[in-house]
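Order of appearance sets the numbers: ligands from 1, and atoms from 1 within every ligand. All residue numbers in this chain count up from 1 along the given sequence. The shown structure was predicted, so the numbers you read here are calculated from the model rather than taken from an experiment.
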Amino acid sequence: MQKEYLFLGDESVNNGRYLLAVFHIMPVEGLKLADVATEIAAESSTGSSISIGSSTEFSNSNNAKVYKIDEDKNLVWIAYPWDIFDSDGNVQNILTFIAGNIFGVSEVKACKLLDVYFPPEMLVQYDGPSYTLDDMREYLGVWDSPILGTIIKPKIGLSSHQYAELAYDFWAGGGMFVKNDEPQANQSFCPYEKMVDAIRIAMDRAEDETGKPKVHSFNVSAADFDTMIRRCDYIISKMRPGSFAFLIDGVTAGWMAVQTLRKRYPNVFIHFHRAGHGAYTRTENPIGYSVAVLTKFARLAGASGIHTGTAGVGKMAGDPETDITAAHLALRVGATGPHFEQVWTKIPNKDLDIVNMVEAEQKRWSTNLRETFEERVFTKSNYYYPNDPSRFILKMAPIISGGLNPMLLKEFIEVMGTIDYITTMGGGVHSHPEGTRGGAAALVQAYEAWKAGVEIEEYAKQNRELSLAIEFYTQNRTNTHKLKGYESV
Ligand code: CAP
Ligand code: MG
Ligand code: MG
């Protein structure tokens, strides 16, 4: 027990000077939760594994504080004076403190960071998103639908020409958004700059044919920042502003890459792909952090969008509550996380117009999606951020992906309770009996059916591609989960 980190019942932790965190901690046999909790607080703030003689009165004033313990649930609440973090708005630094060495401490069998709370006073140091989903909606002219997207598949192995052909097929079929898959980089069979050049030609062709703007999200993850920046600048030199996003594999490329992109390219949609997050977030993992924590830090870092999971509808593990909570934490001004109410304003949330705004948002979100559908047709961000977006950490777009196909769109929209996200279907589009173009058309038709309040089977009577999709996907699941109404293959 390191007593200098134990402050049970200390109310001062709510004075706006502390980042609050809640952990699930299981001590190894023979150790008490309170003892281990103070060890974790020490190791994740100012101390070490033994009380040190070199601390000073000032250094002690920066000690993390264990302020609440729930012995029954093995939960520990720790408050971190946010002055100890890098004052240049550095997310990597916070995670090194509160999700760093402590995962290796031998006194714990489990140590999972379940939720964090950022006080408004702390938010002013962080960028938050700049180019948001609303800006992409403005560019695409799409306000009353999820952004309907795909990932080009096979995941890797196409030439740049073959890759661009599939993107053209999807866009020509009515799709809006195409992304590189998370491992796409500068492979010998698909040289990076050739892929970008081919995408520009394919995009121009599809836009001429459909009369509609299109967007492509390019994976700019790279071995080093110079190469990443070189790829970004090449894309900028070849693509129209607004027609591209920068995809970053945020977990494997790291938080510095995410924040570098946000700081250097405030007018580009920063697309956070979270490949690898499962090693930290899966509920069966005793050590790591939750999807809510990952999502909150991505918004603080300034990602414009992050994958938040398919709420149990698709192929990836992830229960509805976890994924829906993550989407709300991404999108809303005020949202309830697993343990904390997070309000994403830089103004203390005692400010009356913030309180009123969060209540109004709460009301709109709590009513049935269909009843308020027209209301939900989003106007620009000022619905949330009246004339002064600088007061807020702007919204971040959920990106919904993983084992989805047009048949699942309705189920997904209704489990989410909003249309304000990007959805990307890879296997569920490129496996369509009529190929990528047919898959795109089926996806658009599935959305049209939902919007018209018509069952897709009914709507499919007048829409061939959707009818083929229903037949095909009823037989061939695009995910490993048993889904209601699907026969097992
Ligand atoms: C989906 C995907 C995405 C996952 C990521 C894939 O492809 O492109 O990377 O959705 O998971 O490679 O699996 P499919 P998450 O549409 O073919 O499944 O969104 O949960 O981070
Ligand atoms: Mg150390
Ligand atoms: Mg992928």
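Residues meeting the ring-ring contact (aromatic ring centres under 6.0 Å, His included) test with His273, sequence neighbours left out: His307. Every salt bridge (charged side-chain N to carboxylate O under 4.0 Å, His left out) that Arg282 has, sequence neighbours left out, goes to Glu284. Under the side-chain hydrogen bond (donor to acceptor under 3.5 Å, both in side chains) criterion, Lys238 pairs with no residue at all, not counting sequence neighbours.
For Glu414 and Trp450, the side-chain atoms include at least one donor-acceptor pair closer than 3.5 Å. Tyr265 and Asp233 are linked by a side-chain donor-acceptor pair at a separation below 3.5 angstrom, with hydrogens and angles left out of the test. In this structure, a donor-acceptor pair under 3.5 Å is absent between the side chains of Glu471 and Ser467.
The atoms of ligand 1 that sit less than 4.0 Å from any heavy atom of Gly426 are 14 (P), 16 (O), 17 (O). Contact atoms of ligand 1 toward Arg274: 15 (P), 20 (O), 21 (O) (distance under 4.0 Å to a heavy atom of the residue). Heavy-atom proximity to Gly427, at under 4.0 Å, picks out these atoms of ligand 1: 14 (P), 16 (O), 17 (O). Close approach to Ile151 involves these atoms of ligand 1, each under 4.0 Å from a residue heavy atom: 1 (C), 7 (O), 8 (O), 16 (O).
Both the sub-6.0 Å distance and the 45° axial angle are satisfied by Arg231 relative to the ring of Tyr192.
Summarising the contacts of atom 8 (O) of ligand 1 with His277, Lys155, Lys315, Lys153, the nearest heavy atom is found in Lys153.
Taking the six-membered ring where tryptophan is involved, the planes of Phe218 and His216 are tilted, since the angle between them lies from 30° to 60°. Taking the six-membered ring where the residue is Trp, Phe272 and Trp255 present tilted rings, their angle falling between 30° and 60°.
For the pair Asp181 and ligand 1, a heavy-atom separation below 4.0 Å is found. Residue His273 places a heavy atom under 4.0 Å from ligand 1. Using a non-hydrogen distance threshold of 4.0 Å, Gly403 registers as a contact of ligand 1.
Close N/O approach between Gly428 and ligand 1 is not found [any backbone or side-chain N/O within under 3.5 Å]. For ligand 1, the polar-atom distance check against Lys179 finds no nitrogen or oxygen pair separated by under 3.5 Å.
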Exercise for the section: Carefully, step by step, assess Phe118 and Phe297 under the rule ring pair (Phe, Tyr, Trp, His ring centres under 6.0 Å). Expected result: CA-CA 10 Å; Phe118 309 124; Phe297 277 111; 5.2 Å; yes

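A donor-acceptor pair under 3.5 Å is formed between the side chain of Arg299 and the backbone N or O of Ala330.
Within the protein, the N, O or S atoms sitting under 2.8 Å from the Mg ion (ligand 3) are Asp181 OD1, Glu182 OE1.
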